[in-house]
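Heads up, the thing below is written out as structure tokens.
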Amino acid sequence: MPLRIATWNINSVRLRLPLVLRFLEEHQPDVLCLQETKCPNDQFPTAAFRKIGYDHVAIHGQKGYHGVATISRRPMSVLETRTFCGIEDCRHLATSVELGSRRIHLHNFYVPAGGDEPDPEVNPKFRHKLDFVQEMHDILPATIADTGSILVGDLNIAPLEADVWSHKQMLKVVSHTPVETEGLEAMRKAGGWVDIMRQHVPPEEKLFTWWSYRSKDWEASNRGRRLDHVWSSPDLSPVLKDMAVLKDARGWDRPSDHVPVITDFDIG
DNA sequence: ATGGTAGACGCTCTA
């Protein structure tokens, strides 16, 4: 049995609970990391997940905005939540998934979107995004025995040329500006993290996880971006068995603008 | 060059 880990920016977990349950039933991930839950902790639909076997539910939410949650059918404990840039937003949740004598340290992230204007001098949201990614340098794979590390989430940056529908037309659009893509790649490499979606799909091949709500026909225009990511520590990279982007979910009734990313590891 | 949609919350913010 491989270990299946999925990540999905759900854009309101309460509104889209039926979609999350459908995804869990159809794809049976061991662990699902959600972002943009937009749900205070005392209103999180924990019981609905426990009912279908996801007994371990870690939540870090706030009213109205942001929020992350990690739900698991394998034993899991909370390690920590971190704040970034001195702002108390709920954007990070680290858990430990137990696999017999081994374990995975799993970081679930929701990086700030950064607003519309890609100039940190005039746009505080963009400044915040750049500073946030800089502070992420502190997130490193675990160095203790029998412990692999995985970092997932909506990082709100599409680092490679083939991560956007048009590299040239996106260079001045927040999510694909050089200061963002270089910042994210520097942070990833500094930690030794492996971009395992791109280990599975050649870097030249278009790969998207998000399509805007603002396009009339998202599928026909296909102006997507790869904003959601799965990274692993180097020891887990050789045991990656499969990776899939569930594009179908963008066409479900009242969808999120992001789709799930599913990864299978031959471990545990 | 512009405006387009969605969700939470409560007359506006974030994405």
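As the structure is a computational prediction, the values presented were derived from the model and not from experiment. So you know, we letter chains A, B, ... as the sequences are listed, proteins then strands, and number each from 1.
- Near DNA chain B, meaning a heavy atom under 4.0 Å away, there are no residues from residues 153-164 of chain A.
- Shown for residues 107-130 of chain A: residues whose heavy atoms fall under 4.0 angstrom of DNA chain B, namely Tyr110(A), Ala113(A), Lys125(A).
- For the residue pair Arg225(A) / Ser175(A), a side-chain donor-acceptor distance below 3.5 Å is found, with atom types taken as modelled.
- Nearer the 5' end of DNA chain B, as judged by each residue's closest nucleotide, is the contact made by Tyr213(A), out of Tyr213(A) and Asp257(A).
- Side chains of Asn108(A) and Thr70(A): a donor on one and an acceptor on the other come within 3.5 Å.
- Listed by chain and residue number, Ser166(A) satisfy the side-chain hydrogen bond (donor to acceptor under 3.5 Å, both in side chains) test with Gln169(A) (two or more places apart in sequence, or in another chain).
- Ser12(A) and Glu36(A) share no donor-acceptor pair across their side chains, judged by distance under 3.5 Å alone.
- Between the side chains of Gln35(A) and Arg91(A), no donor-acceptor pair is found at a separation under 3.5 Å.
- By the side-chain contact (heavy atoms from CB on, under 4.5 Å) test, Arg214(A) is found to be paired with Ser212(A), residues two or more places apart in sequence or in another chain being considered.
- Sorted by residue number, the list of members of residues 174-185 of chain A with any non-hydrogen atom under 4.0 Å from DNA chain B is empty.
- Counting heavy-atom neighbours within 6.0 Å of Asp253(A) CG, excluding the residue itself, gives a total of 12 or less.
- Other residues sharing a hydrophobic cluster with Leu15(A) under the 4.5 Å side-chain heavy-atom criterion for ILVMFWY residues do not exist; the residue is a singleton.
- Cation-pi geometry between Arg22(A) and Trp252(A) is met: the NZ or CZ atom falls under 6.0 Å from the ring centre, inside 45° of the normal.
- To the nearest whole angstrom, the two C1' atoms, one in dA15(B) and one in dC9(B), are 15 Å apart.
- Counting any heavy atom pair closer than 4.0 Å across all strands shown, Arg91(A) reaches sugar-phosphate atoms only and no base atom.
- When each of Tyr110(A), Phe84(A), Phe126(A) is tested with Phe132(A) by the rule ring pair (Phe, Tyr, Trp, His ring centres under 6.0 Å), just one qualifies, namely Phe84(A).
- Think of the region where chain A sits on DNA chain B: with heavy atoms and a 4.0 Å cut, that region ends 5' and 3' at dG4(B) to dA15(B).
- The same atom, P, is picked in dT14(B) and in dG10(B); the two are 14 Å apart, to the nearest Å.
- DNA chain B is contacted by Asn11(A), Ser12(A), Leu15(A), Arg16(A) of residues 8-24 of chain A, taking any non-hydrogen atom closer than 4.0 Å.
- Spacing between dG7(B) and dC11(B) at atom C1', rounded to whole Å, works out to 16 Å.
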For residues 56-64 of chain A, which side-chain N or O atoms pair as donor and acceptor with protein atoms under 3.5 Å away, sequence neighbours left out?
unit_1: Gln62(A); atom_1: OE1; unit_2: Cys90(A); atom_2: N; d: 2.7

Kindly indicate, with the supporting measurements, whether the criterion side-chain hydrogen bond (donor to acceptor under 3.5 Å, both in side chains) is fulfilled by Tyr213(A) and Asn11(A). CA-CA 12 Å; Tyr213(A) 284 127; Asn11(A) 188 17; 3.1 Å; yes
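- For Ser96(A), the side-chain contact (heavy atoms from CB on, under 4.5 Å) criterion is met by Ser77(A), Leu79(A), Glu98(A), Arg103(A), His105(A), not counting sequence neighbours.
- By the 6.0 Å contact criterion, CG on Asp116(A) is open, its count of non-hydrogen atoms from other residues, nucleotides or ligands being 12 or less.
- In this structure, Arg250(A) is positioned above the aromatic face of Trp218(A), its NZ or CZ under 6.0 Å from the six-membered ring centre and within 45° of the axis.
- Side-chain atoms of Thr177(A) never come within 3.5 Å of backbone atoms of Val173(A) as a donor-acceptor pair (strictly under, hydrogens ignored).
- At distances below 3.5 Å, not a single donor-acceptor pair connects side-chain atoms of His258(A) with backbone N or O atoms of Trp210(A).
- Rounded to a whole angstrom, the distance from the P atom of dA6(B) to that of dT2(B) is 23 Å.
- Contacts between residues 60-70 of chain A and DNA chain B, defined by a heavy-atom separation below 4.0 Å, involve Lys63(A), Gly64(A), Tyr65(A), His66(A), listed by number.
- Legend: salt bridge (Lys or Arg N to Asp or Glu O under 4.0 Å) pairs involving residues 254-265 of chain A, not counting sequence neighbours, sorted by first then second residue: Arg4(A)-Asp264(A).
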